Amino acid sequence: MQRLSVAQARKEESIGKEALIQGWVRTRRDSKGGFSFLEINDGSCLNNVQVIADQNLSNYESDIKKLGTGACVGVVGTVEKSPAKGQATEVRAQSITVYGVSDPETYPIQKKGATFEFLRTIAHLRPRTNTFGAIARVRNCVCKSIHDFFQEQGFLYIHPPIITASDCEGAGQMFKVTTLDLEKPPRQGPSIDFTKDFFGRPAFLTVSGQLEAETLACAMGKVYTFGPTFRAENSNTARHLAEFWMVEPEMAFYDLEDNMTLAEAFIKRIITDALTRCEEDMKFFTERIDKEILSRLEGILKSEFLRLSYTEAVDVLQKSGQTFEFPVSWGADLQSEHERFLTEVHFKKPVILFNYPRTIKPFYMRVNDDGKTVRAMDVLVPGVGEIIGGSQREERLEVLEERMKETGLDPKGYWWYLDLRRYGTVPHSGFGLGLERTILFLTGMANIRDVIPFPRTPGSAEF
Ligand code: 4AD
Ligand code: MG
C-alpha cells in the first residue's frame, strides 16, 4: 500500500489513488447521514486532509465515534475529488486503525484561543498547532537555504567545537563545563583547582565559533559554521535566548564592503526561498500574525539595504526629535529602540551600520585609521533590530595584541589565534546571523521563545 503524506493527499494529482494516510486528528464532526468527517494533519503542510468515515466501517461505533482531537490514526482509503470548497480532494476511508486515543477532556490543546504564553508551558505538544507547525517548516526551509546559499558559492561547511576555552566575544557570558564535584571542589589555596577538572583547565560552552572558523578560513578560503551557541547573559527579552543557532561565514581576502554585500545577498536569498518554498505558511503568518509581513519582505527584496556609519546614525537619531528611553550619544551602544527607529520609522528598510566605536566592540575587529572606530557591521532589520553582527578582522599582530590587553584578555591564552597573524596573515572578514531572529523577521512572531522548539532562557529549561 502506498503511503501518502497529507500534503500529497491534498493534491489533485492524487485523485483516484488508494493509499495509507497517517496523522493526528484535528477535529471530528459526525453527520446525521451516518458518517463522520475527520480532519487529519501530519505536519507535512499547514492544511488538513478531510477523511470520510462511513458507519459501515467495522470499528465505527467502537472507535471512530470516540476519536478526539489529538488522537493518532492510519487511514486506508481512496483519494477523491472533493465537492467542498477550499480543498481539491478528500479521502473515503476503507479502514481506519487507531494507533493512539486522546481524551478530549484532558487534551491540553483545546480548539481555539490558546495564548503563546500558555503554549510555551506545553512545548512538547505545541508543534501540533497551526502556528508552531508553520514555524517548524519555515525554520527547516531557512536551514536548507543557508546550506544551499553557501554551498553554491563554494563555501566549506566546517564544525568548530561546542566546548571551548576561549571567550570569543570577550563578554564573560559563558556557561562553564565541568565534572568537578560542586559540593567539594579540589582547591589550591582559596581557588578551585581546575587542573583537576576534566580538561585540566576551565572550559565553557562556546558563544561563537568565529575564532575557530578563522583558522579554517586562513587555510581553506571561504568557510561557514552553523550550529548552536550559548550565552549566559541574564537578559529576559523577547530577542534573547541562552541557547540559539548561529550561521557564521568567514572569508579570507574579504574586506568589510565584501562582507556587507555577502550579508545582504544572504538575507535576500533566505527571504526569496521562504516566499517560494513555504508559500502557504507565509500566507498564514500574514493572515494570523502580522498583516504586513508579505509586503514588507517583498519590498525588502526589491530595494537595497542602506549602508550608514555609526557616526551618521547617531546624528540621525539625535536630530530625530524623538524621545528615547536611553539617550543617544557618540560612544554608547545603540539600543533596540534606536535600531528599530532607524529601520522602521526613519529609513523603513534594512540598514547596515558600520564603523562602530572601538570601545563597544570585541577585540578581533579591525581598527580603522582614525584609531577610534573599528570595521564592525551590524545588519538591522524592521521588526527585529540586529539580525547580523560581523566585521573585518584585525590581521595585524601587534594591533591585535594591544586590543586584547585593552579588553582584558590575556594574549597567552589565544596564542593559536595570534599564530594566524604570525604566519601568512591575511585580510579577512565574517559575520554571524542569528537563526531565531531570522525566523522572527520572516514570520512576524513577537517572541524568540516561540521560534525554537525548546527555548532556553534564564530560569527555564523544563523540556
Ligand atoms: O553580534 P554577535 O554577538 O556576533 C558574534 O557572535 C560574532 N562572533 C559573529 C561573527 O562575526 N562570526 O551575534 C551574532 C548574531 C546577532 O546579530 C543575533 O542575530 C544573534 O547572533 N544573537 C542572538 N540570538 C538570540 N539570542 C541571543 N542571546 C543572541 N545573541 C546574539
Ligand atoms: Mg552583535
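Numbering of ligands and ligand atoms starts at 1, following listing order. Computed from a predicted model, the values in this text were never measured in an experiment. Excluded from the calculations below are hydrogen atoms, water molecules and symmetry mates; all remaining heavy atoms, backbone and side chain alike, are included. Quick note: residue numbers are just sequence positions, from 1.
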Just jot down the side-chain contact (heavy atoms from CB on, under 4.5 Å) partners of Ser235, sequence neighbours excluded, or say none.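 Here the qualifying residues are Glu233, Thr237, His240.
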Just one of Phe155, Phe149, Tyr224 clears the ring pair (Phe, Tyr, Trp, His ring centres under 6.0 Å) bar with Phe266, so which one?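 Checked Phe155, Phe149, Tyr224 against Phe266; only one passes ring pair (Phe, Tyr, Trp, His ring centres under 6.0 Å): Phe149.
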Contact residues of ligand 1 with a heavy-atom cut-off of under 4.0 Å?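 Near ligand 1, by chain and number: Cys168, Glu169, Ser208, Gln210, Arg231, Glu233, Arg239, His240, Leu241, Phe244, Met246, Glu248, Tyr364, Glu386, Ile387, Ile388, Gly389, Gly390, Arg393, Gly430, Phe431, Gly432, Gly434, Arg437, Ile448.
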Distance filter under 2.8 Å, centred on the Mg ion (ligand 2) - protein N, O or S atoms that pass it: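 Listed by chain and number: Glu386 OE2.
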If you measure from CZ on Arg449 to CG on Asn236, what distance do you get to the nearest 0.5 Å?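 Between atom CZ of Arg449 and atom CG of Asn236 there are 5.5 Å.
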Carboxylate-amine/guanidinium contact Arg396 Glu394, below 4.0 Å: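 A salt bridge links Arg396 with Glu394.
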Side chains of Ser5 and Asp42, donor plus acceptor under 3.5 Å: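 The criterion, which ignores hydrogens and geometry beyond distance, is not satisfied for Asp42 and Ser5.
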With Asp273, which residues qualify under salt bridge (charged side-chain N to carboxylate O under 4.0 Å, His left out), at least two apart?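 Asp273 satisfies salt bridge (charged side-chain N to carboxylate O under 4.0 Å, His left out) with Arg269, Arg277 only.
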Any cation-pi pair here, Lys176 with Phe204, using under 6.0 Å and within 45°?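 Because its charged atom misses either the 6.0 Å distance or the 45° angle limit, Lys176 does not stack over Phe204.
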Hey, does the Lys NZ or Arg CZ of Arg421 hover above the aromatic six-ring of Tyr423, less than 6.0 Å from the centre and inside 45° of the axis?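 Verdict for Tyr423: no cation-pi partner in Arg421.
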Measure from the side-chain N and O atoms of Thr69 to the backbone N and O of Arg26, and report whether any donor-acceptor pair falls under 3.5 Å.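 The answer is yes, because a donor-acceptor pair under 3.5 Å joins these two groups.
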